[in-house]
Amino acid sequence: DTNTGIFREGSDDIGFTAGGTKRMSIDTNSVDFAVNLLPTTTTIDIGASGSQFRNMYASGEFFGTATTAKYADLAEKYSTDEEYPVGTIMMVSTLSLFETEACTETGVPIGVVSEYPAFKMNSDSEGQYLGLKGRLPIRVVGEVKKGDKIYTTYTGVGKASGSGSLVGIALESNSIEGEKLVECVLKV
């Protein structure tokens with residue numbers, strides 16, 4: 001019934017209509033809704049804890065009360081003069097070809113290379129994600145105690161003492177003298 005009901009639109013394609021207007025179609029590749037999905041009550045769940053959607057795409061705005069994220073930093077993509085490892089402290093580049101480079105001891109840090117950003121800004125841009133706020137690992141040398149301030153030291157690496165710029169606050173202790181990743185709250 002092409003007015004109100006189910007009908008065959010074509011090969012391997014089923015259509016659903018109401019009031020003479022197609023409302024939905026299903027084929028071998030997709031389900032296409034021609035109307036807004038509205039709940040019959042005030043709320044509706046999409047997916048479930050054991051049966052989740054993988055990716056969701058939208059062209060409009062998101063409106064909601066709260067969201068959650070698996071990871072913990074807000075990051076933005078910036079072009080870099082080379083590919084840097086996770087935790088590298090970054091500053092604005094002095095080279096005109098790139099936006100950022102590894103931060104020097106006297107440089108002004110703007111972020112840290114992030115592996116798993118919770119929120120990704122400028123995702124279509126070239127470069128690497130730099131964590132701007134939140135918590136993430138930072139490349140650090142020397143002993144670190146939980147609560148220590150982490151400062152810029154040599155290129156792209158921090159230290160719990162020094163005369164460089166503040167990068168973050170350590171969330172964990174680590175007595176290894178060599179370079180390692182230390183979870184920190186960013187203060188850039």
Side-chain angles (χ1 to χ4, degrees), residues 45-56 61-188:
D45 291 332
I46 299 176
S49 63
S51 181
Q52 300 173 356
F53 288 91
R54 184 179 56 230
N55 295 312
M56 296 185 80
E61 295 180 45
F62 171 79
F63 297 92
T65 302
T67 61
T68 61
K70 184 176 182 178
Y71 303 110
D73 64 283
L74 173 115
E76 185 172 9
K77 257 192 187 175
Y78 289 90
S79 62
T80 56
D81 61 331
E82 63 181 78
E83 191 75 13
Y84 288 99
V86 170
T88 301
I89 303 164
M90 303 295 286
M91 68 180 193
V92 172
S93 179
T94 57
L95 305 171
S96 62
L97 297 176
F98 304 98
E99 295 169 318
T100 62
E101 61 187 55
C103 193
T104 61
E105 183 175 13
T106 58
V108 178
I110 63 164
V112 175
V113 175
S114 176
E115 184 173 20
Y116 301 115
F119 187 79
K120 300 175 180 180
M121 298 187 295
N122 290 328
S123 61
D124 292 338
S125 298
E126 294 293 323
Q128 291 182 267
Y129 281 108
L130 302 187
L132 307 174
K133 289 293 175 195
R135 62 187 287 166
L136 70 162
I138 295 177
R139 292 172 58 199
V140 176
V141 293
E143 184 177 358
V144 177
K145 294 186 179 115
K146 184 177 181 180
D148 280 352
K149 294 176 183 175
I150 304 300
Y151 298 95
T152 56
T153 184
Y154 62 86
T155 309
V157 179
K159 191 171 184 177
S161 61
S163 59
S165 297
L166 178 65
V167 181
I169 309 296
L171 291 170
E172 61 183 340
S173 296
N174 191 312
S175 60
I176 297 171
E177 287 296 322
E179 185 180 311
K180 69 272 185 190
L181 291 173
V182 174
E183 189 81 6
C184 296
V185 175
L186 286 184
K187 292 295 183 183
V188 294

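What's counted below: heavy atoms across the whole structure, side chains too, no hydrogens, waters or symmetry copies. The first residue in the sequence is number 1, and the count goes up from there.
For the pair I150/I169, no side-chain contact is recorded, criterion being any heavy-atom separation below 4.5 Å from C-beta on. In this structure, V108 and V92 have side chains that are not in contact, with every pair of non-hydrogen atoms separated by 4.5 Å or more. With contacts defined as side-chain heavy-atom distances shorter than 4.5 Å, the pair L171/K146 does not qualify. With contacts defined as side-chain heavy-atom distances shorter than 4.5 Å, the pair L132/L186 does not qualify. Put simply, the side chain of E143 reaches to within 4.5 Å of the side chain of E177, judged on heavy atoms. Side chains of Y129 and E115 form no contact here, defined as non-hydrogen atoms less than 4.5 Å apart. Contact check for E183 versus P137: side-chain heavy atoms found under the 4.5 Å cut-off. Within the 4.5 Å cutoff, the side chain of Y84 has heavy atoms near those of the M90 side chain.
In this structure, the side chain of K149 does not engage the main chain of A170 through any donor-acceptor pair within 3.5 Å.
Counting heavy atoms of neighbouring residues, nucleotides and ligands inside a 6.0 Å radius, atom CG of N55 exceeds 12 of them. Within a 6.0 Å radius of CD in E172, more than 12 heavy atoms belonging to other residues, nucleotides or ligands are found. More than 12 heavy-atom neighbours from other residues, nucleotides or ligands sit within 6.0 angstrom of NZ on K180. Heavy-atom neighbours of K159 NZ from other residues, nucleotides or ligands within 6.0 Å: at or below the threshold of 12.
Under 3.5 Å, the side chains of S93 and D81 contain no donor-acceptor pair of N or O atoms.
Closest heavy-atom contact between S114 and G131: CB-N, 3.9 Å. Taking all atoms of both residues into account, the shortest heavy-atom contact from S79 to L97 is OG-O, 4.5 Å. The heavy-atom pair separating G107 from T152 by the smallest distance is O-OG1, 4.4 Å. Considering every non-hydrogen atom in both V157 and I89, the closest pair reads C-CD1, 3.5 Å. Residue I138 comes nearest to C184 through the heavy atom pair CD1-CB, 3.6 Å, listed as atom of the first residue, atom of the second, then distance.
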Set out, in order, the CA-CA distance, both residues' side-chain angles and the distance that settles side-chain contact (heavy atoms from CB on, under 4.5 Å) for K77 and Q128, then state yes or no.
CA-CA 5 Å; K77 257 192 187 175; Q128 291 182 267; over 6 Å; no

Between V141 and E179, does a side-chain contact (heavy atoms from CB on, under 4.5 Å) hold up when you go through it step by step?
CA-CA 4 Å; V141 293; E179 185 180 311; 3.9 Å; yes

Worked check of side-chain contact (heavy atoms from CB on, under 4.5 Å) between L74 and M121:
CA-CA 8 Å; L74 173 115; M121 298 187 295; 3.7 Å; yes

Check the pair I110, T100 against side-chain contact (heavy atoms from CB on, under 4.5 Å), reporting the backbone distance first and the verdict last.
CA-CA 9 Å; I110 63 164; T100 62; 3.6 Å; yes

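Under the rule for a ring pair (Phe, Tyr, Trp, His ring centres under 6.0 Å), the partners of Y71 that lie at least two apart in sequence or sit in another chain are Y116.
To the nearest 0.5 Å, atoms OG1 (T88) and CD (E83) are separated by 10.0 Å.
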